[in-house]
Undergrad: 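Take a look at the following structure, please.
Below, read A as the first sequence line, B as the second, and so on, with proteins coming before strands; counting in each chain starts at 1.
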Amino acid sequence: MSAPIVEIRHLPQHLGQTVTLRGWVRNARTSKIRFLELRDGSGFVQCVCSASEAEPESYELAGKLTQESAITLTGLVQAHPKTGAPELLVKSLTLVGDSVDYPITPKEHGTAFLMENRHLWLRSKRQWAILRIRHTLAKAIRDFFDEDGFTLLDAPILTPSACEGTSTLFSTQYFDEGMAFLSQSGQLYQEPGLAAFGKTYCFGPTFRAEKSKTRRHLTEFWMVEPEVAFAHLEDVMILGERLTKFMVQRVLEGRQEELAILERDLAPLETTLAVTFARMTYTEAVAKLHELGSDINWGEDFGNDDETILMNAMDRPLWVHHFPRVFKAFYMEPDPLDPKLALGADLLAPEGYGEVIGGGERASSLQYLLDQIEHEKLDRKDYEWYLDIRKYGSVPHAGFGLGLERAVAWICKLPHVRETAPYPRMMGTLRP
RNA sequence: UCCGGAGUAGCUCAGUGGUAGAGCAAUCGGCUGUUAACCGAUUGGUCGGGGGUUCAAGCCCCUCCUCCGGAGCCA
């Protein structure tokens, strides 16, 4: 066999040529003509095996192939007589690895079963599409910041204390230093980088040990956290909006096949690119919620229902800013015009996907932070290094965190974030 | 942690007190253009665990376990 080995994605360039494909049998429909649906990771193609064209042993083998058998096959690339899509007219076929009783059949399955078989579920067309979009979004995030002059400053995953002091943390014994905690945010470690690099970001896994079981929570998720020196609240909203549009644009340009597999309605994504994001202060949002029938009180954080009610009334992403200080992190800069408020901004995604970005301006006054640490009953000695930033050339600065999985869920319009990670970690899900 | 729902064949489910069923998968056979192909046959079950009521329990009661959805919390 001297036919060139090609990937399925390149088949349109090989029409009329004899090539070799390598992959797995997604599905086999056998009549006198055997139709093998092949997957090789780069795409999907139908291979046609008839007695008149194929070698006799190959033809016989094609009739016995089970779901997920690994094969190589050689044949002529031709256009499908009905659809015009490339297909392979098989000449010869070799079994590389057989497959007996593959658990995920072509019919429906429940999520519990699929999650237990996540390592196999990855092979399905839908998961392939989602995880390739995740890949594209992760790449877009890196490209966006790299092209914008940011320096990647990796934050540690093992940390000595809570960054925000509120959420539950996973802990582990760290030699004789006591307990270490898995990081729930890299932000505090970005701030010292500003005086060295001006603009930094970290992008990696973060951990929350919250016992939350909802469609938008994982215990392990990826977050990108940019931080910018001399930046204010307004800069956060401008940067977050540019990033969001860049990510959406990359997917619309490069992942059309995957969006089609997911049957994603493209109109809301195209709207996101075309419009300026809406903005409301927290106080305005509460007033709007009252109009829409919510009984939220000023000073309370939005509940899930509130976010849904609010976003159902919007046709585009919404920035909510100037939150009450009481439910925001200790390091947020207070509003100089109203000390009850903090200079924070959250971006709510449309179509019910909720908070995708959370961020704001950081407190730059040493005394203010000392008061906050005392007020929140945090241990000052855990934060001495962080406080140093306010002693040696303190400047206004701001940043945000964007959750990758929530962005993937929104852009793919998925019912649950568990499909956005290759191996999602949730309360009650640790394997595979 | 709280509220609601569900555990029956490998998978998805039907079966509400009287001898355990279907579709898919698997196995065998048929079909020359199929697209979750189709047609016929075969194989496959301690009905989540434990206890109770009853002549009789998949079905009713108690309890435990697991999973799903939602709340709180958050990206």
Undergrad: Classify Leu218(A) by what it touches in the nucleic acid, base, sugar-phosphate, or nothing, heavy-atom distance under 4.0 Å.
TA: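 The answer is base, as Leu218(A) lies within the cut-off (heavy atoms under 4.0 Å) of a base atom.
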Undergrad: Partner lookup for C59(B), please. Criteria are Watson-Crick or G-U wobble with both distances under 3.5 angstrom; report none if nothing qualifies.
TA: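 Paired with C59(B), as far as the under-3.5 Å criterion goes, is no nucleotide at all.
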Undergrad: Distance alone, cut at 3.5 Å: any donor-acceptor contact between the side chains of Glu376(A) and Gln372(A)?
TA: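 Note: Glu376(A) and Gln372(A) side chains miss the donor-acceptor criterion.
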Undergrad: Do the charged groups of Glu419(A) and Arg134(A) touch, with an N to O distance under 4.0 Å?
TA: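 No.
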Undergrad: Do His109(A) and C11(B) share a donor-acceptor pair, side chain to base, under 3.5 Å?
TA: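 Answer no: no donor N or O sits under 3.5 Å from an acceptor.
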Undergrad: How far does the P atom of G51(B) sit from the matching atom of C59(B), given to the nearest Å?
TA: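 Going atom to atom, P in each nucleotide, I get 14 Å.
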Undergrad: Find the distance Leu169(A):CG to C73(B):C1' and express it as a whole number of Å.
TA: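 Spelled out: CG on Leu169(A) to C1' on C73(B) is 13 Å.
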Undergrad: Could a donor-acceptor pair under 3.5 angstrom be found where the side chain of Glu37(A) meets the base of U35(B)?
TA: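 No pair found.
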Undergrad: Under the 6.0 Å and 45° cation-pi test, does Arg34(A) pair with Tyr59(A)?
TA: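 Positive - Arg34(A) is close enough to the ring of Tyr59(A) and near enough to its axis.
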Undergrad: Taking atom P of U32(B) as reference, at what distance in whole Å does atom CZ of Arg34(A) sit?
TA: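 Nearest whole value for this atom pair: 11 Å.
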Undergrad: Considering Watson-Crick and G-U wobble pairs with both distances under 3.5 Å, what does G4(B) pair with?
TA: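 Result: C68(B).
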Undergrad: Measuring from the side chain of Ala112(A) (C-beta onward, heavy atoms only), which nucleotide among G33(B), C74(B), C67(B) has the closest atom?
TA: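 For Ala112(A), the side-chain atoms sit closest to C67(B).
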Undergrad: Check the distance between G70(B)'s P and Met426(A)'s CE and give it to me in whole angstrom.
TA: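 About 12 Å, once rounded to whole Å.
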Undergrad: What nucleotide, of C68(B), U12(B), G72(B), holds the atom closest to the side chain of Thr111(A)?
TA: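 The listed nucleotide nearest to Thr111(A)'s side chain is C68(B).
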Undergrad: Starting from C1' on G72(B), measure out to CD on Glu307(A) and report it in whole angstrom.
TA: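 Nearest whole value for this atom pair: 13 Å.
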Undergrad: Between Lys32(A) (NZ) and C31(B) (P), how many Å, whole number?
TA: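 Atom-to-atom, Lys32(A) to C31(B), this comes out as 4 Å.
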Undergrad: Quote, to the nearest angstrom, the P distance that separates A57(B) from A71(B).
TA: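 Comparing P positions in A57(B) and A71(B) gives a spacing of 42 Å.
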Undergrad: Indicate, with a heavy-atom threshold strictly under 4.0 Å, whether Pro103(A) touches base, sugar-phosphate, or nothing.
TA: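 Answer is nothing: Pro103(A) stays at 4.0 Å or more from every strand.
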Undergrad: Between atom CG in Asn304(A) and atom P in A75(B), what is the gap in whole Å?
TA: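 Answer to the nearest Å: 14 Å.
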Undergrad: With a 3.5 Å limit on both atom pairs, tell me what G21(B) is paired to, counting Watson-Crick and G-U wobble, or say none.
TA: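 Result: C13(B).
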Undergrad: For Tyr189(A) and Trp385(A), take the angle between the two ring planes, folded into 0 to 90°, and tell me which bin it lands in: parallel under 30, tilted 30 to 60, perpendicular over 60.
TA: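 Parallel.
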Undergrad: For Glu60(A), look at atom CD and say whether over 12 heavy atoms of other residues, nucleotides or ligands are found less than 6.0 Å away.
TA: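 No, not enclosed.
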Undergrad: Can you check whether Lys82(A) has a side-chain N or O nearer than 4.0 Å to OP1 or OP2 of U34(B)?
TA: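 It does, given that an N or O in the side chain of Lys82(A) lies less than 4.0 Å from OP1 or OP2 of U34(B).
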Undergrad: Could you tell me which nucleotide pairs with A41(B) by Watson-Crick or G-U wobble geometry, both distances under 3.5 Å, or answer none if nothing does?
TA: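 Check on A41(B): paired to U27(B), both distances under 3.5 Å.
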Undergrad: Will you find, in the side chains of His416(A) and Thr420(A), an N or O donor that is under 3.5 Å from an N or O acceptor?
TA: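 No, Thr420(A) and His416(A) have no side-chain donor paired with an acceptor closer than 3.5 Å.
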Undergrad: Under 4.0 Å, heavy atoms only, any strand: does Gly354(A) hit a base, just the sugar-phosphate, or nothing?
TA: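 Counting heavy atoms under 4.0 Å across all strands, no contact is made by Gly354(A).
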Undergrad: Could you check how far CZ of Phe35(A) sits from C1' of U35(B), rounded to whole Å?
TA: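 About 9 Å, once rounded to whole Å.
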Undergrad: Return the value, rounded to whole Å, for the distance between atom CD of Glu300(A) and atom P of A71(B).
TA: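 It is 16 Å, rounded to the nearest whole Å.
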Undergrad: Is the phosphate of A37(B), meaning OP1 or OP2, less than 4.0 Å from a side-chain N or O of Arg29(A)?
TA: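 Affirmative; the distance criterion is met.
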Undergrad: Under 3.5 Å for both donor-acceptor distances, Watson-Crick or wobble: does U54(B) have a partner, and if so which one?
TA: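 Paired with no nucleotide.
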Undergrad: Looking only at side-chain N and O atoms, does Thr206(A) offer a donor or acceptor that is under 3.5 Å from a partner on Ser183(A)?
TA: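 Their side chains do not contain a donor-acceptor pair, so the 3.5 Å distance test is not met.
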Undergrad: Tell me whether the side-chain N or O atoms of Arg216(A) pair up with the base of C73(B) as donor and acceptor below 3.5 Å, since no angle test is needed here.
TA: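 Looking at the base of C73(B), it does not pair with any donor or acceptor on the side chain of Arg216(A) (distance under 3.5 Å).
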Undergrad: What nucleotide, of A75(B), A71(B), U12(B), holds the atom closest to the side chain of Arg406(A)?
TA: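 For Arg406(A), the side-chain atoms sit closest to A75(B).
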Undergrad: Using atom P in both nucleotides, what's the gap between U16(B) and G7(B) to the nearest angstrom?
TA: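 Each nucleotide's P atom is 13 Å from the other's.
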Undergrad: Contact class for Ser52(A) (heavy atom, under 4.0 Å): base, sugar-phosphate, or nothing?
TA: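 No contact.
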Undergrad: Report each atom pair, protein N/O against N/O of nucleotides 22-26 of chain B, whose distance is under 3.5 angstrom.
TA:
none

